[in-house]
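So the structure is just underneath, and the comments pick up after that.
When reading the values below, keep in mind they use all heavy atoms of this one structure, side chains included, and skip hydrogens, waters and symmetry mates.
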Amino acid sequence: MSKTIIRTAKEKDAERLLEIYAPYVTHTAITFEYEVPTIDEFLQRINNTLKKYPYLVAEDENRNLSGYAYAGVFKGRAAYDWAVETSIYVKQGEAGQGLGRLLHDALQKELQQMGILNMCACISAPRGTDPYLTENSIQFHSHLGYRMVGRFMQCGYKFSRWYDMVWMEKHIGEHTEKVEPVRFRF
């Protein structure tokens, strides 16, 4: 892997990030989205995330983007402010080179600086051998220190088959009786 920098996403990145995401929609069950979003929809997603949370991109010295990671609302009530749901996407063909780990670690650092305590990952899971999905994401998160907290059976439907959904979590801060408010981005 060439020298990679992790930086905050910009509006001009939207088209290249959508190119990374689109194959996950059309060829995998990693996302349960059926249709590739339009560039305007994708840009709106980025901008909405950046209002409160980090949205990071991996860029090489030639300014090529090879992945992205972001955090979002875990649940919409104030009591859940200290927990986020995370997502990481790496350009297909570039997995296994440490890029996902680089993105995750940078995201975790930013979330810790905000006062976030729990990183949660909602991961689609195959029901046996499957042409559209492996257990790589579950294994990746386990390697990063996440633990399995739940499995929902046959709750996602894509490519004429049923998939399970697992939740994994990682505590990244101390859970004390008195806690400081989260320092959202804006």
Side-chain angles (χ1 to χ4, degrees), residues 1 4 9 13-50 53-59 64-76 80 83-105 107-108 118-170:
M1 183 169 59
T4 301
D13 299 325
E15 188 173 345
R16 294 190 294 173
L17 296 180
L18 183 55
E19 289 171 4
I20 293 170
Y21 181 64
Y24 287 99
V25 174
T26 57
H27 302 301
T28 79
I30 289 172
T31 174
F32 287 158
E33 194 157 15
Y34 287 175
E35 301 292 327
V36 175
T38 66
I39 188 66
D40 290 336
E41 289 170 323
F42 202 75
L43 178 58
Q44 185 177 19
R45 292 177 190 184
I46 294 169
N47 286 333
N48 285 340
T49 298
L50 284 170
Y53 299 104
Y55 199 121
L56 306 176
V57 299
E59 181 179 66
N64 296 313
L65 300 185
S66 51
Y68 63 98
Y70 61 92
V73 172
F74 174 67
K75 293 289 272 177
Y80 296 107
V84 295
E85 183 177 347
T86 61
S87 294
I88 301 173
Y89 289 93
V90 173
K91 188 175 182 180
Q92 291 197 340
E94 297 191 24
Q97 300 178 32
L99 187 59
R101 176 70 184 245
L102 198 61
L103 282 161
H104 177 275
D105 290 353
L107 182 63
Q108 179 176 319
N118 295 17
M119 293 175 74
C120 304
C122 184
I123 304 167
S124 52
R127 301 183 57 78
T129 303
D130 191 278
Y132 304 104
L133 187 64
T134 66
E135 292 200 0
N136 287 355
S137 187
I138 295 168
Q139 294 162 355
F140 170 78
H141 283 83
S142 291
H143 182 70
L144 293 174
Y146 285 73
R147 67 183 181 99
M148 186 77 64
V149 292
R151 186 178 193 113
F152 297 91
M153 308 301 280
Q154 297 178 315
C155 64
Y157 185 78
K158 189 172 180 180
F159 303 125
S160 299
R161 57 186 65 223
W162 287 101
Y163 292 93
D164 295 350
M165 182 60 60
V166 300
W167 277 97
M168 298 181 78
E169 74 174 355
K170 180 178 183 180

Donor-acceptor under 3.5 Å (Thr31 side chain, Tyr24 main chain) | no
Measure the CD-NE2 distance between Gln92 and His27 for me, rounded to the nearest 0.5 Å.
-> 7.5 Å
Over 60° means perpendicular and under 30° means parallel, so classify the ring planes of Tyr70 and Tyr55, tilted if in between.
-> parallel
Take atom CD of Gln44 as the centre, draw a 6.0 Å sphere, and report whether it contains more than 12 heavy atoms from other residues, nucleotides or ligands.
-> no
Using side chain to side chain donor-acceptor pair (under 3.5 Å) as the criterion, list what pairs up with Asp164, not counting sequence neighbours.
-> Arg127, Arg151
Interatomic spacing from SG in Cys120 to NZ in Lys75 - rounded to 0.5 Å = 11.5 Å
Any idea which heavy atoms bring Leu17 and Gly67 closest together, and the distance?
-> CD2-O, 4.3 Å
Mind listing the closest non-hydrogen atom pair of Pro37 and Phe42 along with its distance?
-> CG-CD1, 4.0 Å
Within a radius of less than 6.0 Å around CZ of Phe32, do more than 12 heavy atoms belonging to other residues, nucleotides or ligands occur?
-> yes
Nearest heavy-atom pair of Leu107 and Ala69: which atoms, and what distance?
-> CD2-CB, 4.1 Å
Smallest heavy-atom separation, Trp162 atom then Gln154 atom, equals CE3-O, 3.2 Å
Just do the side chain to side chain contact (heavy atoms under 4.5 Å, CB included) check on Ile30 and Tyr89 with the steps written out, would you?
-> CA-CA 10 Å; Ile30 289 172; Tyr89 289 93; 4.2 Å; yes
NE2 (His143) and CG (Asn136) are apart, to the nearest 0.5 Å, by 13.0 Å
With sequence neighbours left out, the residues meeting side chain to side chain donor-acceptor pair (under 3.5 Å) with Tyr146 are His104
Of all the heavy-atom pairs spanning Tyr163 and Ala29, show the shortest one and how long it is.
-> CZ-CB, 3.5 Å
Do any pairs count as a salt bridge (Lys or Arg N to Asp or Glu O under 4.0 Å) and have a residue in residues 15-26, sequence neighbours left out, and if so which ones?
-> Asp13-Arg16
Output for pair (Ile123 CD1, Met168 CE), nearest 0.5 Å, gives 5.5 Å
Apply side chain to side chain contact (heavy atoms under 4.5 Å, CB included) to the pair Gln139 and Thr134, showing each step before the final yes or no.
-> CA-CA 10 Å; Gln139 294 162 355; Thr134 66; over 6 Å; no
Begin with the C-alpha distance, continue with both residues' side-chain angles, and end with the deciding distance and a verdict on side chain to side chain contact (heavy atoms under 4.5 Å, CB included) for Phe74 and Asn118.
-> CA-CA 9 Å; Phe74 174 67; Asn118 295 17; over 6 Å; no
